Amino acid sequence: MPKVLAPSARGPMRLSLFLLPTLKESPAEAQIVSHRLSLRAGLVRQMSAGIYAWLALGFRVLKKIEQIVREEQDRAGCQEVLMPTVQSAELWQESGRYDDYGEEMLRFNDRHGREMLYGPTNEEMITDIFRQYVKSYRDLPKNLYQIQWKFRDEVRPRFGVMRGREFLMKDNYSFDLDFEGAKRSYENMYQTYLRTFARMGLTAIAVRADPGAIGGTLSQEFHILAETGESKVFYDAGLDSLGPEDVEAAQQLYACTEEKHDPAACTVPPDRLREARGIEVGHIFYFGTKYSKAMNVEVAGPNGESIVVEMGSYGIGISRLVGAIIEASHDEKGIVWPEPVAPFRVGLINLRSGDAACDKAADALYEKLNAAGIEVLYDDRDERSGVKFATMDLIGLPWQLVVGPRGVKNGVVELKRRAGGESEELSVESALARLVD
RNA sequence: CGGGGUGUAGCGCAGUCUGGUAGCGCACCUGCUUUGGGAGCAGGGGGUCGGGAGUUCGAAUCUCCCCACCCCGACCA
């Protein structure tokens with residue numbers, strides 16, 4: 001049967017058609033495990049310092065993460081928009097940040113000599129869009145988000161996609177009439193973030209970015225707990241048992257990064273104080289009227305009075321999450337993707353490509369998996385078993401389905417979980433049933 | 001931006017001190033043998049030695065200038 005390319009990027013795939021440049025050895029520049037594995041598993045390729053091309057496998061992960069973030073934003077009542085990456089300097093001059101931002105902003109001139117920049121964030125632009133259209137208190141609240149590439153010209157990019165100069169970020173912006181409304185928006189995002197990270201199979205802790213200010217600016221960072229995390233976090237064990245619904249309770253509990261942690265001010269009993277390492281993957285921030293004042297954003301109130309709107313902004317580092325998830329979920333053999341973000345759910349291994357019976361059994365199983373709508377990467381390459389196992393372990397698909405000469409003779413296939421490694425021999429039907437659940 | 005380091009085949013490295021026209025492992029190609037955890041043997045392809053200028057009969061190697069990348073620190077989704 002001729003090989004046919006899958007119709008969409010999210011479809012099934014035969015490994016013989018897939019660009020998967022795996023490496024046996026780690027490139028010297030990669031120091032931390034997620035960077036090493038993302039290069040070894042062929043997820044990305046570095047094109048410049050802190051700038052990466054997303055290869056087929058990595059792109060699928062990126063899209064999975066993006067989609068989860070998108071669904072949770074939509075569920076929270078936010079609307080997706082898409083703003084340009086290239087912005088004119090004018091808006092930034094208006095907010096006053098054009099001079100403040102410094103070297104991190106990538107600036108250039110267009111052919112007419114106009115000052116342009118590659119957006120590091122979008123507060124000015126979204127504020128401008130908002131003020132063009134929203135004139136009445138009746139139109140509030142609003143919460144707009146986008147998933148777009150940003151550029152921050154970091155002095156020292158590192159850690160692969162965890163700290164690139166170009167990165168994919170979900171950023172959203174809330175507009176409210178008063179502080180009470182802005183606080184509701186903030187808490188709504190707090191919940192949404194916990195839910196979003198939980199859906200990716202991650203444990204996230206919200207730490208106060210500014211624990212000292214009482215009743216002041218609201219700002220929290222979300223850290224994914226991973227042994228190799230960049231920053232140390234301290235938090236009240238009570239947070240471990242709280243879910244996304246428990247905003248009020250969670251906001252009362254202590255949680256800080258190492259820099260902000262003050263043992264003298266920490267009131268958590270020693271037996272409840274947890275210490276862990278984390279990677280910052282999200283940030284929520286209420287900033288009141290900082291931009292709306294500078295950029296003159298007012299709506300008419302019920303009595304015709306002018307009201308300066310209250311704003312907040314919220315970010316999730318989508319491309320950073322790819323690295324962060326690997327940091328949080330890997331072993332000595334490779335990546336262990338949590339199912340919701342895995343590039344494929346199942347890796348189908350034909351242990352003896354070229355053997356008529358094995359080819360027939362594996363091809364048939366591939367068709368059945370496709371028909372059942374299960375995302376499968378089918379290793380139909382003419383390679384030795386060891387190579388195929390090593391590849392599958394490295395790229396970390398949640399399930400491995402192994403078709404070999406032994407099993408084919410007995411009418412069974414082997415179903416193996418990447419995490420944990422437990423495996424069992426099952427009939428084709430039972431294996432399929434297990435995966436359909 | 002301060003401090004340190006590295007650029008030699010797709011990846012990992014040796015060769016540089018002491019100048020003589022480039023090598024090893026993996027990967028790749030061909031053949032045979034193998035075949036349930038990154039095979040063995042044999043043969044083969046691939047390099048403006050980061051770039052430019054200089055010194056020299058001759059430069060990967062010495063000198064000067066540039067560029068890129070990495071690590072530690074300060075800063076960040």
Side-chain angles (χ1 to χ4, degrees), chain A residues 19 21-32 35-36 39-40 42 45-51 65 69 101-105 119-123 147-172 193 197 204 209 219-224 230-231 257 259 278-285 313-324 332-334 349-355 358 379 381-395 400 402-409 412-414 416 421 423 425:
Chain A
L19 178 63
T22 56
L23 298 172
K24 221 172 187 175
E25 294 170 288
S26 293
E29 74 268 18
Q31 296 295 310
I32 64 164
H35 192 191
R36 281 202 298 271
L39 293 173
R40 285 193 54 212
R45 174 172 176 90
Q46 181 172 325
M47 305 310 289
S48 278
I51 301 178
I65 294 170
V69 170
Y101 219 93
E103 297 285 307
E104 290 223 333
M105 181 182 275
T121 179
N122 282 63
E123 276 85 4
I147 295 170
Q148 177 64 291
W149 293 91
K150 308 286 190 295
F151 196 95
R152 293 184 192 169
D153 199 359
E154 301 251 3
V155 190
R156 191 187 159 210
R158 56 181 137 171
F159 305 147
V161 297
M162 287 227 288
R163 178 110 171 249
R165 292 192 292 172
E166 187 183 57
F167 56 97
L168 187 60
M169 179 169 129
K170 183 283 301 174
D171 46 321
N172 64 309
Y193 273 34
F197 297 126
S219 176
Q220 279 164 295
E221 295 173 356
F222 288 77
H223 285 252
I224 283 183
E230 277 188 77
S231 35
T257 55
E259 304 78 57
I279 301 163
E280 186 187 353
V281 291
H283 197 169
I284 59 178
F285 194 45
S313 73
Y314 318 87
I316 290 180
I318 306 242
S319 48
R320 170 176 281 188
L321 270 164
V322 175
E332 64 288 346
K333 290 177 178 171
I349 296 178
N350 180 355
L351 275 189
R352 193 76 66 84
S353 291
D355 175 89
C358 284
D379 192 345
R381 295 174 303 170
D382 182 18
E383 289 286 355
R384 300 169 60 84
S385 56
V387 172
K388 295 191 174 188
F389 284 127
T391 299
M392 278 303 171
D393 288 343
L394 176 61
I395 69 174
Q400 295 176 7
V402 183
V403 176
R406 258 181 8 218
V408 166
K409 202 176 291 176
V412 296
V413 294
E414 182 184 335
K416 185 168 157 191
S423 75
E425 298 211 323

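Scope of the values below: all heavy atoms of this structure, side chains included, with no hydrogens, waters or symmetry mates. The structure displayed is predicted, hence computed values, not measured ones. A, B, ... follow the sequence lines: proteins, then strands. Residue 1 opens every chain.
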Exercise. Classify every nucleotide of nucleotides 72-77 of chain B by which part a protein heavy atom approaches to under 4.0 Å, writing B for the base, S for the sugar-phosphate alone and - for neither, in 5'-to-3' order.
Key: BBBBBB

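Atoms CD (A/Glu425) and C1' (B/G36) sit 11 Å apart, rounded to a whole Å. Atom CD in A/Gln400 sits about 14 Å away from atom P in B/G38, given to the nearest Å. One interatomic measurement links the two molecules: CD1 of A/Ile51 to C1' of B/A68, which rounds to 13 Å at whole-angstrom precision. In this structure, CD of A/Glu383 is placed 15 Å from P of B/C26, rounded to the nearest angstrom. Rounded to whole Å, the distance from CZ on A/Arg406 to P on B/U35 is 13 Å. In this entry the distance linking CG of A/Leu19 with P of B/C28 reads 14 Å, nearest Å. When rounded to the nearest whole Å, the span between CG of A/Asp355 and P of B/G36 equals 12 Å.
Residue-to-nucleotide proximity on RNA chain B shows that, of A/Arg352 and A/Thr391, the 5′-proximal contact is made by A/Arg352. Between A/Pro405 and A/Ser48, it is A/Pro405 whose nearest contact on RNA chain B lies nearer the 5' terminus.
As rounded to the nearest Å, B/G46 and B/C24 have C1' atoms that lie 15 Å from one another. Look at the C1' atom in both B/G20 and B/C65: the space between them is 27 Å, to the nearest Å. Straight-line distance between the C1' atoms of B/C67 and B/C13: roughly 23 Å, to the nearest whole Å. As rounded to the nearest Å, B/U30 and B/C70 have C1' atoms that lie 39 Å from one another. Comparing B/U56 with B/C64, their C1' atoms are spaced 16 Å from each other, to the whole Å. Nucleotides B/A22 and B/G15 place their C1' atoms 8 Å apart, quoted to the nearest Å. Rounded to the nearest Å, the gap between the C1' atom of B/G54 and that of B/U61 is 15 Å. Using P as the reference atom, B/A74 and B/C29 are 47 Å apart when rounded to the nearest Å.
From A/Cys358, atom SG reaches atom CD1 of A/Ile349 across 12.5 Å, with rounding to the nearest 0.5 Å. Residue A/Asp171 holds its CG atom at 3.5 Å from NZ of A/Lys150, rounded to the nearest 0.5 Å. One finds the CZ atom of A/Arg156 at 13.5 Å from the CZ atom of A/Arg165 (value rounded to the nearest 0.5 Å). To the nearest 0.5 Å, atoms NZ (A/Lys24) and CZ (A/Arg40) are separated by 10.0 Å. Separating the CD1 atom in A/Ile65 from the NZ atom in A/Lys170 is a distance of 14.0 Å, to the nearest 0.5 Å. Atom CD1 of residue A/Ile279 and atom CZ of residue A/Arg320 lie 8.5 Å apart, to the nearest 0.5 angstrom.
Contacts of A/Thr391 classified as side-chain hydrogen bond (donor to acceptor under 3.5 Å, both in side chains), with partners at least two apart in sequence or in another chain: A/Arg381. When the side-chain hydrogen bond (donor to acceptor under 3.5 Å, both in side chains) test is applied to A/Lys416, no partner is found at least two apart in sequence or on another chain. Remark: A/Ala28 pairs with no residue by the side chain to side chain contact (heavy atoms under 4.5 Å, CB included) rule, at least two apart or across chains.
When both distances must be under 3.5 Å, the Watson-Crick or G-U wobble mate of B/C64 is B/G52. In this structure B/A27 sits in no base pair that meets the Watson-Crick or G-U test at under 3.5 Å. Both distances falling under 3.5 Å, in either a Watson-Crick or a G-U wobble arrangement, place B/C1 opposite B/G73. Base pairing annotation: B/G38 forms no Watson-Crick or G-U wobble pair, as no partner gives both donor-acceptor distances under 3.5 Å.
Proximity of a side-chain donor or acceptor of A/Lys388 to a complementary backbone N or O of A/Leu351 within less than 3.5 Å is not detected.
Around the CD atom of A/Glu103, the shell of radius 6.0 Å holds no more than 12 heavy atoms that belong to other residues, nucleotides or ligands.
In this structure, A/Arg158 and A/His35 have side chains that are not in contact, with every pair of non-hydrogen atoms separated by 4.5 Å or more.
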Quiz item: Please walk me through it: do A/Val408 and A/Arg352 pass side-chain contact (heavy atoms from CB on, under 4.5 Å)?
Solution: CA-CA 11 Å; A/Val408 166; A/Arg352 193 76 66 84; over 6 Å; no

Hey, what are the protein-to-nucleotides 7-16 of chain B N/O distances that come in under 3.5 Å?
unit_1, atom_1, unit_2, atom_2, d
B/C11, O2, A/Glu25, OE1, 3.1
B/G12, OP1, A/Ala28, N, 2.5

Polar-atom pairs under 3.5 Å, protein N or O versus N or O of nucleotides 29-31 of chain B: list them with distances, or write none.
none

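Counting non-hydrogen atoms under 4.0 angstrom, A/Glu103 reaches nothing in the nucleic acid.
Between A/Lys24 and B/A27 there is a side-chain N or O to OP1 or OP2 distance below 4.0 Å.
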